[in-house]
Colleague: 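Have a look at the structure that comes next, please.
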2 protein chains.
Amino acid sequence: MSGHLEQIRLDSYKPLRELVCEHIREAIINGVFAPGERLMEIQMADEMGVSRTPVREAIRKLEMEGFVVMIPRRGTYVSNMSIKDINDVYEIRISLDTLAAGLAAERISDEELEELQRLLVKVGNAIEENDMTKVVEADIEFHDVLYKASRNERLRNIINNLREQITVIRGVSMRYPGRLKDTQEEHRRLVESIAARDVEKSQEMARIHLENAERTLMAAMSERKD
Amino acid sequence: MSGHLEQIRLDSYKPLRELVCEHIREAIINGVFAPGERLMEIQMADEMGVSRTPVREAIRKLEMEGFVVMIPRRGTYVSNMSIKDINDVYEIRISLDTLAAGLAAERISDEELEELQRLLVKVGNAIEENDMTKVVEADIEFHDVLYKASRNERLRNIINNLREQITVIRGVSMRYPGRLKDTQEEHRRLVESIAARDVEKSQEMARIHLENAERTLMAAMSERKD
DNA sequence: GTAAAGAATGTTGTATACAGTATTATTTTT
DNA sequence: AAAAATAATACTGTATACAACATTCTTTAC
């Protein structure tokens with residue numbers, strides 16, 4: 001119940017609330033705080049060596065991002081993702097990722113396209129090496145370039161937020177036999193379609209990719225129900 | 001520069017920050033605060049008769065909702081919507097409203113369907129009476145029932161947020177000659193498709209509706225550039 | 001023995017105080 | 001006179017203090 005969070009350092013010049021927010025978000029994503037667990041302001045503030053003010057502001061942000069739920073005068077609790085929640089997220093993401101892929105096919109620059117291909121290789125290497133941390137890292141980079149190429153900042157923010165919300169359980173599907181290889185192949189085809197500036201096909205590839213990702217995740221989760 | 005905001009009353013039991021947030025949001029939507037205008041915490045707190053704490057928390061929320069931009073150590077400014085921003089919002093909304101309409105066609109209950117048809121009439125009456133306040137009110141109700149029927153709370157939140165972000169300028173398109181009548185007809189067809197549980201057609205109707213709305217808004221805005 | 005009521009404890013909600021930084025105005029120097 | 005530097009002012013960022021409310025435990029009454 002204690003020693004969950006590391007002390008905050010003020011190295012970069014971000015407001016404290018941002019650092020605190022990222023800190024808590026990561027702790028939730030990494031399972032340091034279990035779903036449903038109560039988060040107490042004073043305790044977290046003490047552990048991170050800051051006052052309650054930035055902690056409160058961080059919690060407000062996390063609430064909007066869907067990581068925690070606040071009950072007035074009762075407290076803050078870590079959200080627990082139900083099957084329904086995951087379904088809801090994927091329903092939206094199938095729409096938005098399809099949109100983003102189509103826009104990217106129209107708007108991506110040659111430099112970004114090269115970057116995308118470079119990151120595809122990077123993810124591939126990480127998979128070969130079986131280095132999960134590197135896979136996750138490169139995968140995030142890959143998607144970020146893709147969403148940036150849509151030239152729609154709001155879209156990028158919404159998708160990234162949805163992605164983060166299911167990060168907690170994405171690890172489950174990553175460990176699903178063969179899923180990484182499939183993902184890589186799906187990404188490859190998507191990039192191929194975008195490189196060909198084929199809007200329709202890019203959209204279809206994105207949709208297929210997301211639908212597969214959801215299917216695997218669902219399968220992995222129901223298997224894990226032990 | 002002063003007297004912009006009314007005093008806050010604590011009638012219901014919502015946290016102060018929520019009341020303050022709604023207050024400021026409405027002031028922005030109603031043009032009380034001009035786009036680009038600087039918002040100062042102490043001043044707003046004084047005007048509403050509360051302390052800075054709930055005001056700060058409200059501003060954080062409005063920042064995430066896209067109504068204001070914060071520059072660290074500089075202050076908060078009301079976002080100003082560019083043509084690009086409107087384009088971005090509609091790009092996303094065309095996707096999400098299409099999704100929502102399709103889901104609603106699958107999942108709506110008979111009671112909700114009746115409610116939808118009732119609200120359609122209500123909007124129609126308001127248009128006949130040329131009562132803009134009533135039109136807006138009924139329109140919001142109509143869409144809320146529709147989004148609820150999608151049975152995807154996240155989707156509903158995201159769309160509602162996007163809707164609010166462009167509320168500031170939606171009045172412009174409402175006053176566009178003939179647009180209200182067209183809107184009504186488009187809504188009617190959408191409800192018809194949903195009532196028939198025709199997913200494909202509902203999606204198409206929603207897409208057409210949104211595309212028309214965007215087109216009108218763009219036309220109205222460029223005409224207003226005087 | 002059990003249930004209800006009250007008191008004590010702890011946590012959230014709000015206010016305020018203080019510190020640090022950005023901006024603006026004034027003064028000095030070129 | 002114009003530009004630069006410095007000082008003053010004002011706002012944001014953070015900390016802390018206080019009040020209100022929820023929860024839990026203890027005590028009392030039936």
Side-chain angles (χ1 to χ4, degrees), chain A residues 1-24 27-28 33-34 36-64 67-79, chain B residues 1-2 4-25 27-28 33-34 36-64 67-79:
Chain A
M1 189 72 173
S2 68
H4 281 333
L5 299 164
E6 296 163 27
Q7 287 267 322
I8 291 276
R9 295 173 304 169
L10 310 90
D11 35 355
S12 79
Y13 200 79
K14 276 185 188 175
L16 252 185
R17 61 172 176 278
E18 290 296 329
L19 299 175
V20 171
C21 181
E22 287 164 19
H23 230 74
I24 301 176
I28 293 175
F33 293 123
E37 186 173 340
R38 185 171 181 188
L39 298 181
M40 280 173 298
E41 297 174 359
I42 298 172
Q43 186 181 319
M44 294 203 292
D46 286 348
E47 283 180 25
M48 291 188 281
V50 299
S51 83
R52 272 181 65 208
T53 308
V55 173
R56 280 181 68 80
E57 297 186 348
I59 288 176
R60 300 289 165 276
K61 194 168 181 186
L62 293 168
E63 185 194 14
M64 294 215 59
F67 288 101
V68 303
V69 253
M70 293 198 58
I71 306 170
R73 294 271 172 208
R74 291 279 295 275
T76 308
Y77 299 83
V78 177
S79 304
Chain B
M1 190 74 173
S2 70
H4 282 331
L5 298 163
E6 295 162 28
Q7 287 268 321
I8 291 275
R9 295 173 304 169
L10 309 88
D11 34 352
S12 79
Y13 200 79
K14 275 184 189 174
L16 252 185
R17 61 172 177 278
E18 290 297 328
L19 299 176
V20 171
C21 181
E22 287 164 18
H23 230 73
I24 301 175
R25 191 195 292 124
I28 293 175
F33 293 121
E37 187 173 339
R38 184 171 182 189
L39 298 180
M40 280 171 299
E41 296 174 0
I42 298 172
Q43 186 183 318
M44 295 203 292
D46 287 348
E47 284 179 23
M48 290 187 281
V50 299
S51 83
R52 272 180 65 208
T53 308
V55 173
R56 279 181 70 81
E57 296 186 349
I59 288 175
R60 299 291 165 275
K61 193 167 181 186
L62 292 168
E63 184 194 13
M64 293 216 59
F67 288 101
V68 303
V69 220
M70 294 197 57
I71 305 170
R73 292 272 171 206
R74 291 280 295 277
T76 310
Y77 299 83
V78 177
S79 303

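Just so we're on the same page: letters track the sequence lines, and every chain starts at 1. Keep in mind that the numbers below use all heavy atoms, side chains included, and drop hydrogens, waters and symmetry copies.
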Colleague: Quick one: the side chain of A/Arg74 and the base of C/dG13, do they pair up donor-acceptor inside 3.5 Å?
Modeller: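 Not at all, since no donor on one side and acceptor on the other fall under 3.5 Å apart.
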Colleague: Take the protein atom CZ of B/Arg38 and the nucleotide atom C1' of C/dA22, then report the distance between them rounded to whole Å.
Modeller: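 Spelled out: CZ on B/Arg38 to C1' on C/dA22 is 9 Å.
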Colleague: Please report, rounded to the nearest Å, how far the P atom of D/dC18 is from the CZ atom of B/Arg52.
Modeller: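 That distance rounds to 19 Å.
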Colleague: How close do B/Ala34 and B/Val78 get, counting heavy atoms only, and between which atoms?
Modeller: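 Where B/Ala34 meets B/Val78 most closely, the heavy atoms are O-CB, 3.4 Å.
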Colleague: Atom CE of A/Met44 to atom C1' of C/dT12: distance rounded to whole Å?
Modeller: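 These atoms are roughly 12 Å apart.
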Colleague: Counting C-beta onward and ignoring hydrogens, is there a side-chain heavy-atom pair between B/Leu39 and B/Met44 closer than 4.5 Å?
Modeller: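 With C-beta onward as the side chain, the pair touches.
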Colleague: Could you state the atom-to-atom distance from CD of B/Glu41 to C1' of D/dG13 in whole Å?
Modeller: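 Whole-Å distance recorded here is 9 Å.
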Colleague: Does B/Thr53 make a side-chain N or O approach to OP1 or OP2 of C/dT14 shorter than 4.0 Å?
Modeller: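 Result: no.
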Colleague: Scan B/Leu16, B/Leu19, B/Val55 and name whichever one has a side-chain contact (heavy atoms from CB on, under 4.5 Å) with B/Met48.
Modeller: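 The side-chain contact (heavy atoms from CB on, under 4.5 Å) with B/Met48 is passed solely by B/Val55 among B/Leu16, B/Leu19, B/Val55.
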Colleague: Using a 4.0 Å heavy-atom cut-off, does B/Leu39 contact any base of the nucleic acid, only the sugar-phosphate backbone, or nothing at all?
Modeller: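 Counting heavy atoms under 4.0 Å across all strands, the contact made by B/Leu39 is with sugar-phosphate only.
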Colleague: Which pair of non-hydrogen atoms, one from A/Leu62 and one from A/Ile24, has the smallest distance, and what is that distance?
Modeller: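 Where A/Leu62 meets A/Ile24 most closely, the heavy atoms are CD1-CG2, 3.6 Å.
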Colleague: Rounded to the Å, how far apart are B/Met70 CE and C/dA22 C1'?
Modeller: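 It is 14 Å, rounded to the nearest whole Å.
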Colleague: Estimate the overall bend of the helix from C/dG1-D/dC30 to C/dT30-D/dA1 from the end axes over five pairs each, rounded to 10 degrees.
Modeller: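 Comparing the axis at each end, I get an angle of 0°.
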Colleague: Measure from CD on B/Glu57 to C1' on C/dA15 and round the result to the nearest Å.
Modeller: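 Going from B/Glu57 (CD) to C/dA15 (C1'), I get 12 Å.
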Colleague: Identify which nucleotide among C/dT14, D/dC11, C/dT11 has an atom closest to any side-chain atom of B/Met40, counting heavy atoms from C-beta outward.
Modeller: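 Minimum distance to the B/Met40 side chain belongs to D/dC11.
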Colleague: For B/Gln43 and D/dC11, what is the distance between atoms CD and P respectively, to the nearest whole Å?
Modeller: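 Spelled out: CD on B/Gln43 to P on D/dC11 is 8 Å.
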Colleague: What is the distance, rounded to the nearest whole Å, between atom CZ of B/Arg56 and atom P of C/dT16?
Modeller: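 Nearest whole value for this atom pair: 16 Å.
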Colleague: Which nucleotide, D/dG13, C/dG13, C/dA15, lies nearest any side-chain atom of A/Arg73?
Modeller: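 The nucleotide sitting nearest to the side chain is C/dG13.
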Colleague: So do A/Glu41 and A/Arg56 actually touch side chain to side chain, heavy atoms under 4.5 Å?
Modeller: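 Answer yes - side chains close enough.
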Colleague: Do the side chain of B/Arg17 and the main chain of B/Thr53 share a donor and acceptor less than 3.5 angstrom apart?
Modeller: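 No; zero donor-acceptor contacts below 3.5 Å.
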Colleague: Would you confirm whether B/Thr76, through its side chain, and B/Met70, through its main-chain N or O, come within 3.5 Å as a donor-acceptor pair?
Modeller: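 Flag not set: sc B/Thr76 to bb B/Met70 has no pair under 3.5 Å.
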Colleague: Is any side-chain N or O of A/Arg17 closer than 4.0 Å to OP1 or OP2 of D/dT12?
Modeller: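 No, because none of the side-chain N or O atoms of A/Arg17 sits under 4.0 Å from OP1 or OP2 of D/dT12.
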